[in-house]
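Lettering of chains follows the sequences in order, A, B, ..., and the numbering in each one begins at 1.
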Amino acid sequence: MHSADRNEGTTRRVPQWPRAMNLNSLYTAPILAWYEANARDLPWRAPDATPWGVLVSEIMLQQTPVSRVLPVWDAWMARWPTPAALAAEPSGEAVRAWGRLGYPRRALRLHESARAITERHGGEVPSSHADLLALPGIGAYTAAAVASFAFRQRHAVLDTNVRRVLARLVSGVEYPPKSQTRAEVELAESLLPPDPPTAARWAVAAMELGALVCTARTPRCVDCPVLDKCAWHAAGRPAHDGPPRRGQTYAGTDRQCRGRILAVLRDAEGPVEKPALDVVWSDAVQRERALDALIADGLVDPLDDGRYALPH
DNA sequence: CAAGCGTGGCT
DNA sequence: TAGCCAAGCTT
């Protein structure tokens, strides 16, 4: 059993034929058609969604399921319909509105981004990949996603869904490598339709296929529009070989402790006394370490009077 | 570059 | 049930 397309090295297959003739239309046409019929009706995909709404959704969706993002996104956009509206508030309000989405540093960075957009970009979300990438909390994926979804530009939008789809469809393996490779980026770029609006459509369609059909655990291959072209399916859907892919325990970690401390501050109307934080975690050493880290991260503000609050 | 960073639903 | 997993980023 040889993996035909493992590469990772120097031998990179460069398409010798014109872009419009290469693999891409083979995969893109059926997936685009599938998307037209099966796309979820998400508010940040609505025709009247703003670039700011798209940006907010992308940050919230980092490592977080759509179902949990929806209500928070709705409330967020109602309260802060523009970057300037959010920028005018203390960062602690962003952290509070973030609720239980998790990874609350995202809220802080989104607030920082709102201020940067207001100050450096006249209040308009920038459209260039480079300008987006320069904003805090925005990496390669999110910059490409916003440029593509909000501004209909042509970018390889390579998230966990797309990486998995391409791993199966083209490479014939169940899961992509643990960390993104150059080869994956080149593959994704080679599949991009030439026309920017179509490329943008393809980007969201490939993601949606990964989210709804080509899922990590139990793929619904019977519903797949490119099953007949899928290398993984053709190979008999071989199981992932190699070391287990993850393993993040949560109970008892600093993360859980941080979460409990921050929850107290989110749910409080104003500053709280130290004992109110102490009761949420019995191990004092770990608790103090977590609190110090929260302060260092800017998520908690230690007041002069000894109380604690969400940041300004 | 591997590790750290929340939370909850699903199997 | 206890992992596995979810539109990643930063250091």
Side-chain angles (χ1 to χ4, degrees), chain A residues 39-40 42-45 49 53-73 95 98-110 112-113 132-150 155-165 174-182 188 200 203-212 214-220 239-240 243-266 280-281 286 289-290 293-294 296-300:
Chain A
R40 288 170 292 180
L42 301 173
W44 45 85
R45 290 179 184 164
V54 173
L55 172 55
V56 171
S57 78
E58 287 303 328
I59 302 294
M60 289 184 174
L61 287 163
Q62 289 170 2
Q63 304 285 283
T64 308
V66 166
S67 61
R68 288 174 49 211
V69 166
L70 280 168
V72 182
W73 185 90
V95 174
W98 199 253
R100 305 191 65 79
L101 282 185
Y103 294 144
R105 292 191 291 201
R106 291 182 293 168
L108 224 43
R109 294 185 178 133
L110 183 52
E112 290 173 38
S113 280
L132 288 163
L133 195 56
L135 296 172
I138 297 190
Y141 160 75
T142 304
V146 173
S148 178
F149 304 158
H155 293 278
V157 181
L158 206 48
D159 79 323
T160 186
N161 288 304
V162 177
R163 293 184 64 215
R164 187 176 56 249
V165 168
E174 185 176 22
Y175 297 122
K178 295 181 79 77
S179 52
Q180 184 178 296
T181 64
R182 180 72 204 184
V204 70
M207 282 180 62
E208 191 77 336
L209 186 68
L212 299 184
C214 195
T215 54
R217 220 97 55 98
T218 312
R220 308 183 40 161
H240 171 75
R245 307 190 311 138
R246 271 191 199 180
Q248 59 170 220
T249 54
Y250 182 60
T253 60
D254 285 13
R255 271 152 112 157
Q256 185 182 31
C257 183
R258 288 166 56 109
R260 293 227 186 129
I261 291 171
L262 204 58
V264 172
L265 295 173
R266 270 200 318 263
V280 302
W281 201 261
Q286 189 176 20
R289 183 173 66 231
L294 285 167
D297 285 349
L299 285 163
V300 172

Exercise for the section: List the steps, then state whether salt bridge (Lys or Arg N to Asp or Glu O under 4.0 Å) holds for A:Glu208 with A:Arg45. Expected result: CA-CA 12 Å; A:Glu208 191 77 336; A:Arg45 290 179 184 164; 2.7 Å; yes

Exercise for the section: Look at A:Arg258 and B:dG6 and indicate whether a side-chain polar atom (N or O) is within less than 4.0 Å of OP1 or OP2. Expected result: yes

Practice task
Go through the N and O atoms of the side chain of A:Thr64 and the base of B:dG6, and report whether any donor-acceptor pair is under 3.5 Å.
Solution key: yes

Practice task
Would you kindly say whether A:Tyr141 and A:Gln62 are connected by a side-chain donor-acceptor distance under 3.5 Å?
Solution key: no

Exercise for the section: Examine C:dC4: is either OP1 or OP2 under 4.0 Å from a nitrogen or oxygen in the side chain of A:Tyr250? Give yes or no. Expected result: no

Handout entry: Phosphate OP1/OP2 of B:dG8: any A:Arg100 side-chain N/O under 4.0 Å
Key = yes

Practice task
Using the C1' atom as the reference point in each nucleotide, state the distance between C:dT1 and B:dG8 in Å, no decimals.
Solution key: 15 Å

Handout entry: Out of C:dA6, C:dC9, C:dT10, whichever nucleotide has its closest atom nearest the side chain of A:Asn161
Key = C:dA6

Problem - Considering all heavy atoms, the nearest A:Leu133-A:Ala140 contact - result: CD1-N, 3.6 Å

Problem - side-chain N/O A:Thr142 vs C:dC9 OP1/OP2, d < 4.0 Å - result: yes

Handout entry: C1' atoms of B:dC5 and C:dC5, separation to the nearest Å
Key = 16 Å

Practice task
Would you kindly check whether a donor in the side chain of A:Arg68 faces an acceptor in the base of B:dT7, or vice versa, at under 3.5 angstrom?
Solution key: yes

Handout entry: A:Leu110 and A:Trp98, any side-chain heavy atoms less than 4.5 Å apart
Key = yes

Handout entry: Interatomic distance at P, B:dG9 relative to C:dC9, whole Å
Key = 25 Å

Practice task
Report yes if at least one side-chain N or O of A:Gln63 is closer than 4.0 Å to OP1 or OP2 of C:dG8; otherwise report no.
Solution key: yes

Practice task
Assign A:Arg217 to base, sugar-phosphate, or nothing according to its heavy-atom contacts below 4.0 angstrom with the strands shown.
Solution key: base

Handout entry: C1'-based separation of C:dG8 from B:dC1 [nearest Å]
Key = 15 Å

Practice task
Would you classify A:Leu101 as touching base, sugar-phosphate or nothing, given that sugar-phosphate means primed atoms plus P, OP1 and OP2, and contacts are heavy atoms under 4.0 Å?
Solution key: base

Practice task
Tell me which nucleotide among C:dA7, B:dT7, B:dC5 gets nearest to the side chain of A:Arg164.
Solution key: C:dA7

